[in-house]
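Read the structure below first, then the notes.
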Amino acid sequence: MSFRFPKTEKLKSKKLIEQLFAEGVGITNYPIKLVYLKTTFEDASKCKVGVTVSKRNFKSAVKRNRIKRLMRESYRLNKHLIFNNIEGDFAFMFLYLGKEIPSQSRITDAMVPLMQKFVGQLAKGSK
């Protein structure tokens with residue numbers, strides 16, 4: 001399994017993002033929330049991922065971008081937890097809910113159990 005995060009795995013489609021928030025299922029492990037939706041893609045990617053941070057909680061774009069970088073890095077290093085355990089294509093959106101700038105270890109400590117909770121939910125047969 002490659003630890004890359006190529007362009008084909010990035011969620012960029014406005015229509016898909018709107019559909020994700022309208023129909024998606026959410027799982028929370030504070031300070032991160034995962035919204036996911038089972039879908040199909042034209043390209044060969046298994047899943048597409050986006051990250052977002054609230055402008056309400058972080059007015060400074062520099063702080064928002066820092067948190068998004070940390071979340072993407074944590075996903076990139078731990079995506080094998082999802083890729084090795086799912087069938088089908090998924091769209092994911094990771095939302096940061098906290099009000100303070102986290103460390104990399106804090107993000108990873110929230111991201112890994114969140115991914116495991118997602119895989120467990122799929123194994124139970126929920127959506």
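From a predicted model like this one, the values you see are computed outputs, not experimental measurements. Values reported hereafter were calculated over all heavy atoms of this structure, with side chains retained and with hydrogens, waters and symmetry mates removed.
- A distance-only check finds no donor-acceptor pair linking the side chain of Lys10 to the backbone of Lys48 [under 3.5 Å].
- Across all their heavy atoms, Met71 and Thr52 have their closest contact at CE-O, 4.4 Å.
- Under the 30°/60° scheme for interplanar angles, the aromatic rings of Phe5 and Tyr75 are found to stand perpendicular.
- Residues Val35 and Leu20 are in side-chain contact: their nearest non-hydrogen atoms beyond the backbone lie under 4.5 Å apart.
- Contact of the Val51 side chain with the Tyr96 side chain is not registered, since no non-hydrogen atoms from C-beta on lie closer than 4.5 Å.
- With Lys46 contributing its side chain and Phe83 its backbone, the two residues share a donor-acceptor pair below 3.5 Å.
- Of the possible polar contacts, one joining the Arg64 side chain to the Lys59 backbone as a donor-acceptor pair under 3.5 Å is found.
- In this structure, the side chain of Asn29 engages the main chain of Ala110 through a donor-acceptor pair within 3.5 Å.
- Counting heavy atoms from C-beta outward, Lys15 and Gln19 have side chains that stay 4.5 Å or more apart.
- Ile17 has its side chain out of reach of Lys14: every pair of non-hydrogen atoms, C-beta onward, lies at least 4.5 Å apart.
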Test side-chain contact (heavy atoms from CB on, under 4.5 Å) on Tyr36 and Gln121 and set out the steps.
CA-CA 11 Å; Tyr36 68 92; Gln121 205 170 28; 3.2 Å; yes
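- Taking each heavy atom of Phe118 and Leu34 in turn, the nearest pair found is CB-CD2, 3.9 Å.
- Counting all heavy atoms, side chain and backbone alike, Ile32 lies closest to Ile107 at CD1-O, 3.9 Å.
- Side-chain contact between Met115 and Asn78 is present, with at least one heavy-atom pair separated by less than 4.5 Å.
- Counting heavy atoms from C-beta on, the side chains of Phe94 and Val49 come closer than 4.5 Å.
- No side-chain heavy atom of Arg106 sits less than 4.5 Å from a side-chain heavy atom of Asp109.
- Among all heavy-atom pairs drawn from Ile67 and Val53, the shortest one is CG2-CG2, 3.6 Å.
- Heavy atoms of other residues, nucleotides or ligands lying less than 6.0 angstrom from CD of Glu100 number more than 12.
- In this structure, Lys79 NZ and Leu77 CG are separated by 10.0 Å, a value rounded to the nearest 0.5 Å.
- With hydrogens and angles disregarded, a donor-acceptor distance shorter than 3.5 Å links the side chain of Ser2 to the backbone of Arg4.
- Atoms SG and CD1, on Cys47 and Ile82 in that order, are 6.0 Å from each other to the nearest 0.5 Å.
- How far CG of Leu81 is from CE of Met111: 11.0 Å, rounded to the nearest 0.5 Å.
- Linking Ile, Leu, Val, Met, Phe, Trp and Tyr whenever their side-chain heavy atoms come within less than 4.5 Å puts Val25 and Phe92 in one cluster.
- Atom NZ of Lys33 sits in a sparse spot, with 12 or fewer heavy atoms from other residues, nucleotides or ligands closer than 6.0 Å.
- Atoms CG and CG, from Asp89 and Leu37 in turn, are 11.0 Å apart once rounded to the nearest 0.5 Å.
- When atom types are taken as modelled, the side chain of Ser74 and the backbone of Leu70 share no donor-acceptor pair closer than 3.5 angstrom.
- Taking every heavy atom of both residues into account, Phe90 and Ile86 meet most closely at CD1-CD1, 3.8 Å.
- Here the closest heavy-atom approach between residue Ala91 and residue Leu11 is recorded as CB-CD1, 4.5 Å.
- In the displayed structure, Lys117 atom NZ is contacted under 6.0 Å by more than 12 heavy atoms of other residues, nucleotides or ligands.
- By the 4.0 Å N-to-carboxylate-O rule, Arg76 lies close enough to Glu73 to be salt-bridged with it.
- We find the NZ-OG distance between Lys7 and Ser45 to be 13.0 Å, quoted to the nearest 0.5 Å.
- Within the 4.5 Å cutoff, the side chain of Phe41 has heavy atoms near those of the Leu16 side chain.
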